[in-house]
Chemist: 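First the structure, which I've put down as structure tokens, then a few questions once you've had a look.
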Amino acid sequence: MNNIPSVDLADFLSDDISKKQKFVNEIGKAYEEIGFVALKNHFLSDKLVDNLYKEIKAFFALPLATKEKYEIEGLGGQRGYTSFGKEHAKGKKEGDLKEFWHFGQEPDPNANLIEQYPPNVIIEELKDFNPTGMEAYKMLEKTGIHVLRALALYIGLDEYYFDYWASNGNSILRPIHYPPIQEEPKGAVRAGAHGDINLITLLMGASTGGLQVQRKDGEWIDAIPQEDELVINVGDMLERHTNNKLRSTIHRVINPPKEQWEKPRYSIPFFMHPRSDMKLNCLEECITEDNPKQYEDITAGDFLHQRLIEIGLIKK
């Protein structure tokens, strides 16, 4: 396999039961084998995608002093702006060559959450930035819930098992700007090799290249979807919950060849997190004689806190 498999959400939404089952089988098999798919016919319109890119490019083009007004101390980077080189991959010292913004959940009034999410940071200079970002957030969340429904069926759970936990969950939309590279990076790459923390990640912007996925045999392959496809991968929470049945695959964003250093890169991952009280205990359906229970019991909130310390966003 030299590219990631492509699946069509229209099959899952179809009234044709065999098409729906085809999608379930395809995505489940892909997530067991490589942990990544490219997905077409998601809920983001072309117009919304274009508007979102326009807004995030306008934000990252603002003067650094303006952007730094929106870097909020004490939040562990959960909302607002994070400046260049602050985050690093687990186990690496070099900061990644990127700056980014975080949009977070705006829960329904009747969400019954056990925690309070920090409010989103509002950009004064760009009136459409926040509304456009949150519209994309909701469409990516909707797409993610349908993917999780397919995975619930694949595992042998009720189709709607994840709905409660993922709706109003602690998900993050992260527009990232990888600026042009000015000089030979000293060991740093645009994003070091890492696994994602959350349930699943839905990524916009991978068609420009640079994203690589590590196969089971250790080889790195390019993950280049079609322009209208999202790349969706399993995160560590889902791998843990399924007792390693579904794979959270190590991936990275490599630096471009020298002749492309002057080009910036933008990508927009949506990290789908559940509510913090979701138990990530290994599912009975995924524990067998050949695959006994691999992990201690833990909640999503405790697991997230542990990992944010490891990647440098929260100081011990």
Side-chain angles (χ1 to χ4, degrees), residues 7 9 12-13 20 23-24 27-28 30-31 35-37 39 41-44 78-79 102-118 120 133-174 195-204 230-243 245-248 268-286 295 297-305 307-308:
V7 295
L9 188 59
F12 187 69
L13 301 174
K20 184 172 181 176
F23 180 87
V24 169
I27 199 166
Y31 283 167
F36 272 76
V37 296
L39 178 127
N41 287 315
H42 44 77
F43 293 106
L44 291 161
Q78 288 179 77
R79 298 290 183 274
H102 274 169
F103 294 102
Q105 183 67 266
E106 293 178 352
D108 302 332
N110 57 353
N112 292 325
L113 292 165
I114 64 155
E115 70 204 298
Q116 204 171 359
Y117 299 138
N120 277 310
M134 287 315 294
E135 190 186 344
Y137 184 107
K138 290 298 177 193
M139 291 301 105
L140 285 159
E141 184 177 57
K142 184 178 178 182
T143 303
I145 284 171
H146 281 83
V147 167
L148 289 171
R149 286 177 184 173
L151 295 177
L153 291 171
Y154 185 75
I155 295 161
L157 302 168
D158 178 79
E159 179 174 347
Y160 304 101
Y161 166 79
F162 288 104
D163 276 39
Y164 171 77
W165 298 111
S167 305
N168 297 299
N170 192 16
S171 300
I172 293 281
L173 179 62
R174 172 191 276 196
D196 292 342
I197 300 170
N198 39 293
L199 288 172
I200 57 174
T201 301
L202 297 85
L203 176 66
M204 303 167 63
L230 295 173
V231 169
I232 307 184
N233 62 282
V234 173
D236 293 351
M237 286 185 183
L238 189 58
E239 178 177 71
R240 190 181 182 110
H241 198 35
T242 62
N243 200 35
K245 181 180 175 71
L246 305 180
R247 296 184 58 230
S248 174
I268 312 174
F270 179 75
F271 299 112
M272 195 155 196
H273 284 264
R275 296 163 179 254
S276 65
D277 52 332
M278 181 181 182
K279 291 182 169 68
L280 298 178
N281 308 355
C282 299
L283 290 160
E284 291 296 328
E285 289 79 359
C286 301
Y295 300 103
D297 295 350
I298 195 169
T299 63
D302 288 343
F303 183 71
L304 174 62
H305 185 78
R307 288 293 300 275
L308 290 177

Chemist: Between atom CD1 of I155 and atom CG of D158, what is the distance when rounded to the nearest 0.5 Å?
Modeler: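 I155 CD1 to D158 CG: 12.0 Å, rounded to 0.5 Å.
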Chemist: With sequence neighbours left out, write down each residue that passes side-chain hydrogen bond (donor to acceptor under 3.5 Å, both in side chains) with Y295, or none if nothing qualifies.
Modeler: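 Only N244 meet the side-chain hydrogen bond (donor to acceptor under 3.5 Å, both in side chains) criterion with Y295.
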Chemist: So which heavy atom on T299 is nearest to which on D277, and how close?
Modeler: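 For T299 versus D277, the nearest heavy atoms are CG2-O, 4.5 Å.
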Chemist: Do H102 and R79 get their side chains close enough for a donor-acceptor pair, meaning under 3.5 Å?
Modeler: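 No - no donor-acceptor pair under 3.5 Å links their side chains.
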Chemist: So which heavy atom on A152 is nearest to which on E159, and how close?
Modeler: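 Between these two residues, the closest heavy atoms are CB-O, 3.7 Å.
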Chemist: Answer whether the closest heavy-atom distance between the side chains of F162 and H241 falls below 4.5 Å.
Modeler: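 Side-chain contact under 4.5 Å: yes.
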Chemist: Answer yes or no: is there a side-chain heavy-atom contact under 4.5 Å between D236 and F303?
Modeler: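 They are in side-chain contact.
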Chemist: Grab the two heavy atoms, one from L283 and one from Y161, that are nearest each other, plus how far apart they are.
Modeler: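 Closest heavy-atom pair between L283 and Y161: CD2-OH, 3.7 Å.
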Chemist: Would you say that H42 contacts L202 through its side chain, given a criterion of any heavy-atom pair below 4.5 Å between the two side chains?
Modeler: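 Contact flag for H42/L202 side chains = no.
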Chemist: Take L230 and L140 through the test side chain to side chain contact (heavy atoms under 4.5 Å, CB included) and record every step on the way to the result.
Modeler: CA-CA 10 Å; L230 295 173; L140 285 159; 3.9 Å; yes
Chemist: List for me each residue that meets salt bridge (Lys or Arg N to Asp or Glu O under 4.0 Å) alongside K279, sequence neighbours excluded, and say none if there are none.
Modeler: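 K279 satisfies salt bridge (Lys or Arg N to Asp or Glu O under 4.0 Å) with no other residue.
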Chemist: Would you indicate whether the side-chain heavy atoms of Y164 and M278 approach each other to under 4.5 Å?
Modeler: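 Not in contact.
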Chemist: Residues two or more places apart in sequence or in another chain: which of them pass side-chain contact (heavy atoms from CB on, under 4.5 Å) with A136?
Modeler: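 side-chain contact (heavy atoms from CB on, under 4.5 Å) list for A136, sorted by chain: L44, L48, L52, L173.
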Chemist: Quick one: are R240 and I298 in side-chain contact, heavy atoms under 4.5 Å?
Modeler: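 Side chain of R240 against side chain of I298, heavy atoms only: contact under 4.5 Å found.
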Chemist: When rounded to the nearest 0.5 angstrom, what distance separates CZ in F43 from NZ in K138?
Modeler: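 Taking CZ in F43 and NZ in K138, the distance rounds to 14.5 Å.
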Chemist: Kindly compute the distance separating NZ (K245) from SG (C286), expressed to the nearest 0.5 Å.
Modeler: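 Reported to 0.5 Å precision, the distance equals 6.0 Å.
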Chemist: Kindly indicate whether the side chain of T242, heavy atoms from C-beta on, has any atom under 4.5 Å from the side chain of L151.
Modeler: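 SC-SC contact between T242 and L151 ruled out.
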Chemist: How are the rings of F270 and Y137 set relative to one another: parallel (under 30°), tilted (30 to 60°) or perpendicular (over 60°)?
Modeler: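 Taking Y137 first and then F270, their aromatic rings stand perpendicular (interplane angle over 60°).
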Chemist: To the nearest 0.5 Å, how far apart are CD1 in I200 and CE in M272?
Modeler: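 So the gap between those two atoms works out to 5.5 Å.
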Chemist: Report the residues that fulfil salt bridge (Lys or Arg N to Asp or Glu O under 4.0 Å) with E106, sequence neighbours left out, ordered by chain and then residue number.
Modeler: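 Counting only residues at least two positions away or on another chain, E106 forms no salt bridge (Lys or Arg N to Asp or Glu O under 4.0 Å).
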Chemist: Taking only residues two or more places apart in sequence or in another chain, which ones pass side-chain hydrogen bond (donor to acceptor under 3.5 Å, both in side chains) with K142?
Modeler: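 Per chain and number, K142 pairs via side-chain hydrogen bond (donor to acceptor under 3.5 Å, both in side chains) with no residue.
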Chemist: Between atom CD of E285 and atom CG of L157, what is the distance when rounded to the nearest 0.5 Å?
Modeler: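 Spacing of CD (E285) from CG (L157) equals 4.5 Å.
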Chemist: Locate the shortest heavy-atom distance separating P107 from N168; write the atom from each residue and the value.
Modeler: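 So the two residues come closest at CA-OD1, 3.3 Å.
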Chemist: What I'd like to find out is whether the side chain of I232 reaches to under 4.5 Å of the side chain of V7, using heavy atoms alone.
Modeler: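 Side chain of I232 against side chain of V7, heavy atoms only: no contact under 4.5 Å found.
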Chemist: Considering all heavy atoms of both residues, which atom of M237 and which atom of A300 are nearest to each other, and what is their separation?
Modeler: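 Closest approach of M237 to A300: CE-O, 3.6 Å.
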Chemist: Kindly indicate whether the side chain of Y154, heavy atoms from C-beta on, has any atom under 4.5 Å from the side chain of I27.
Modeler: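 No, side chains not in contact.
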Chemist: Roughly how far apart are Q78 CD and L304 CG, rounded to 0.5 Å?
Modeler: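 So the gap between those two atoms works out to 7.0 Å.
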Chemist: What are the two closest non-hydrogen atoms of V24 and F12, and how far apart are they?
Modeler: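 Looks like CG2-CE1, 3.8 Å.
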Chemist: Could you go through I197 and F271, starting from their C-alpha distance and side-chain angles, then the distance that decides it, and tell me whether this counts as side chain to side chain contact (heavy atoms under 4.5 Å, CB included)?
Modeler: CA-CA 8 Å; I197 300 170; F271 299 112; over 6 Å; no
Chemist: Within the side chain of H273, is there an N or O that forms a donor-acceptor pair under 3.5 Å with the backbone of L199?
Modeler: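 Absent.
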Chemist: Run the side-chain hydrogen bond (donor to acceptor under 3.5 Å, both in side chains) test against Q116 and tell me which residues pass, sequence neighbours left out.
Modeler: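 Testing Q116 for side-chain hydrogen bond (donor to acceptor under 3.5 Å, both in side chains), a comparison that skips the adjacent residues, returns none.
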Chemist: Quick check against the 3.5 Å criterion: does R149 have a side-chain atom that pairs as donor or acceptor with the backbone of D163?
Modeler: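 Here the side-chain-to-backbone pair does not exist.
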